[in-house]
Asks: 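My structure is below; once you've seen it, I'll send some questions.
Nothing fancy with the numbering, it's 1 onward along the sequence. In listed order, ligands and their atoms are each counted from 1.
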Amino acid sequence: MIPKLECNRVSYSYHSLDGETLALSDISFSVASGEFIAIVGPSGCGKSTLLSLLSGLTEPEQGEILIDGKPLKDSPSATGYMLQKDHLFEWRTIFSNVALGLEIQKRLDGQTKEELLEMLDSYGLTGFEHAKPSELSGGMRQRAALIRTLALKPDLLLLDEPFSALDYQTRLTVCDDIGSILQKTGKTAILVTHDLSEAISVADRIIILTPRPGRIKSILPITFPADCKSPLARRNCPEFSNYFNSVWKELKVYG
Ligand code: ADP
Ligand code: MG
């Protein structure tokens, strides 16, 4: 079967007046349809750069990125990108915020409006359609940002530290929440995080990067028994700490 995403020998450098900074070197991996991948690595190792390349916002200097076996630039709306800051517009209501992407793509009609209302309902935001973002908690705002991204029905969801601006307690809840939603919808997703527990609680595989220039250090498959499926259940599963120690060891050599 053709993978959803293939990243073949991708490298990228930033060029500035001070010279060249090699951010990523020789990155290769593939992601199956419906798989949830987490990418972890030390700060500055090129994680955000990698997601930006996968979103098509930046082009690799070397190598190629394929979606469903075809070059990424042939399917410009294949990916949905969600960032650390929720980027909700404060002057718009929650409904007009989640509808923004569809509005821009001129796809807001009776049916897509109905779908948005259903998503607001299943993500616990019913009753807040007419509220402004400032009236919502951090976790609710993140869920609104997720709806806005999912409304465009991206084939591949890219998440760049989406929970890191939240306080610890909220982060746990929202990560469990969003992880479960994505598991249920069977979305292919790539989550960048510096939080190892977060990665282990949601991912099918974890890609560990080296310090800059980011290279793939290792790829660790994560499997939990059937009764430890949700992110929160995984955290309470005995296997969790074994995985934590394995990833920790891989990263610690750089400490
Ligand atoms: P991460 O997300 O893993 O923290 P980034 O992908 O943001 O890392 O950055 C990777 C490296 O590239 C960093 O060391 C950073 O200093 C460098 N970098 C990022 N953006 C630029 C830029 N616009 N110009 C020059 N260097 C950059
Ligand atoms: Mg980053």
Side-chain angles (χ1 to χ4, degrees), residues 5-29 31 36-65 72-73 79-88 138 141-142 145-146 148-149 154 156-168 170-171 174-175 178-179 182 188-203 205-220 222 244 246-255:
L5 171 81
E6 268 174 283
C7 195
N8 294 329
R9 315 212 62 174
V10 165
S11 298
Y12 188 82
S13 312
Y14 288 100
H15 299 270
S16 68
L17 290 175
D18 302 332
E20 193 179 278
T21 309
L22 181 61
L24 290 169
S25 171
D26 202 19
I27 301 283
S28 296
F29 63 93
V31 180
F36 201 137
I37 300 288
I39 299 178
V40 300
S43 165
C45 76
K47 301 183 293 296
S48 296
T49 306
L50 181 55
L51 274 204
S52 173
L53 291 165
L54 298 178
S55 76
L57 288 174
T58 341
E59 272 191 49
E61 278 190 324
Q62 284 173 35
E64 58 171 6
I65 296 167
L72 178 62
K73 58 179 180 305
T79 57
Y81 204 171
M82 186 167 148
L83 302 163
Q84 179 177 350
K85 271 199 75 211
D86 56 49
H87 294 286
L88 297 176
R141 293 177 62 119
Q142 257 339 62
L146 181 70
R148 185 184 53 196
T149 311
L156 175 64
L157 193 62
L158 304 170
L159 305 156
D160 194 353
E161 313 228 13
F163 314 123
S164 59
L166 306 171
D167 64 77
Y168 181 69
T170 314
R171 200 164 83 210
V174 178
C175 172
I178 290 183
L182 295 177
T188 316
I190 301 183
L191 167 76
V192 158
T193 177
H194 60 259
D195 183 332
L196 306 187
S197 309
E198 202 168 280
I200 298 162
S201 71
V202 295
R205 281 189 295 152
I206 299 181
I207 297 180
I208 300 162
L209 296 180
T210 66
R212 199 189 74 203
R215 294 188 171 87
I216 292 187
K217 170 109 199 311
S218 53
I219 301 185
L220 186 71
I222 307 284
F244 191 93
S246 310
V247 183
W248 180 250
K249 253 190 237 148
E250 292 280 315
L251 286 169
K252 207 171 61 167
V253 275
Y254 307 121

Asks: Without hydrogens or angle criteria, can the side chains of Tyr14 and Thr49 be said to hold a donor-acceptor pair below 3.5 Å?
Replies: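 Thr49 and Tyr14 do have a side-chain donor-acceptor pair below 3.5 Å.
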Asks: Is the shortest heavy-atom distance from the side chain of Ser164 to the side chain of Asp195 under 4.5 Å?
Replies: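 A side-chain contact is absent here, since even the closest heavy-atom pair is not under 4.5 Å.
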Asks: Quick one: does any side-chain atom of Gln142 pair with a main-chain N or O of Phe163 as donor and acceptor, under 3.5 Å?
Replies: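 Not confirmed, Gln142 side chain does not pair with Phe163 backbone.
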Asks: Kindly say whether Ser13 contributes a backbone atom to a donor-acceptor pair with the side chain of Glu61 at under 3.5 angstrom?
Replies: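 A pair under 3.5 Å: yes.
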Asks: Output side-chain donor-acceptor pairs under 3.5 Å for residues 39-48, partner residues at least two apart or in another chain, one line each.
Replies:
residue, atom, partner, partner atom, Å
Lys47, NZ, Gly41, O, 3.0
Lys47, NZ, Pro42, O, 3.2
Ser48, OG, Asp160, OD2, 2.7

Asks: I'd like to know if Glu59 pairs up with Lys73 as an ion pair, taking the criterion as any Lys NZ or Arg NE/NH1/NH2 lying under 4.0 Å from an Asp or Glu carboxylate oxygen.
Replies: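 A salt bridge is absent here (no side-chain N lies under 4.0 Å from a carboxylate O).
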Asks: Within the side chain of Thr210, is there an N or O that forms a donor-acceptor pair under 3.5 Å with the backbone of Lys217?
Replies: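 No, because the side chain of Thr210 does not come within donor-acceptor range (under 3.5 Å) of the backbone of Lys217.
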Asks: Using side-chain heavy atoms (C-beta onward) and a distance below 4.5 Å, is Leu159 in contact with Thr149?
Replies: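 No - every pair of side-chain heavy atoms lies 4.5 Å or more apart.
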Asks: Going by chain and residue number, what protein N/O/S atoms come nearer than 2.8 Å to the Mg ion (ligand 2)?
Replies: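 Result, waters dropped: Ser48 OG.
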Asks: May I have the list of side-chain donor-acceptor pairs in residues 17-27 shorter than 3.5 Å, sequence neighbours left out?
Replies:
residue, atom, partner, partner atom, Å
Asp26, OD1, Arg9, NE, 2.9
Asp26, OD1, Arg9, NH2, 3.3
Asp26, OD2, Arg9, NH2, 3.0

Asks: At less than 3.5 Å, what protein N or O atoms come close to the N or O atoms of ligand 1? Include the distances to 0.1 Å.
Replies:
residue, atom, partner, partner atom, Å
ligand 1, 2 (O), Ser48, N, 2.9
ligand 1, 2 (O), Ser48, OG, 2.9
ligand 1, 3 (O), Cys45, N, 3.2
ligand 1, 3 (O), Gly46, N, 3.0
ligand 1, 3 (O), Lys47, N, 2.9
ligand 1, 3 (O), Lys47, NZ, 3.0
ligand 1, 4 (O), Gly44, N, 2.8
ligand 1, 6 (O), Ser48, N, 3.4
ligand 1, 6 (O), Thr49, N, 2.8
ligand 1, 6 (O), Thr49, OG1, 2.5
ligand 1, 8 (O), Gly46, N, 3.2
ligand 1, 14 (O), Gly44, O, 3.1
ligand 1, 14 (O), Arg212, NH1, 2.9

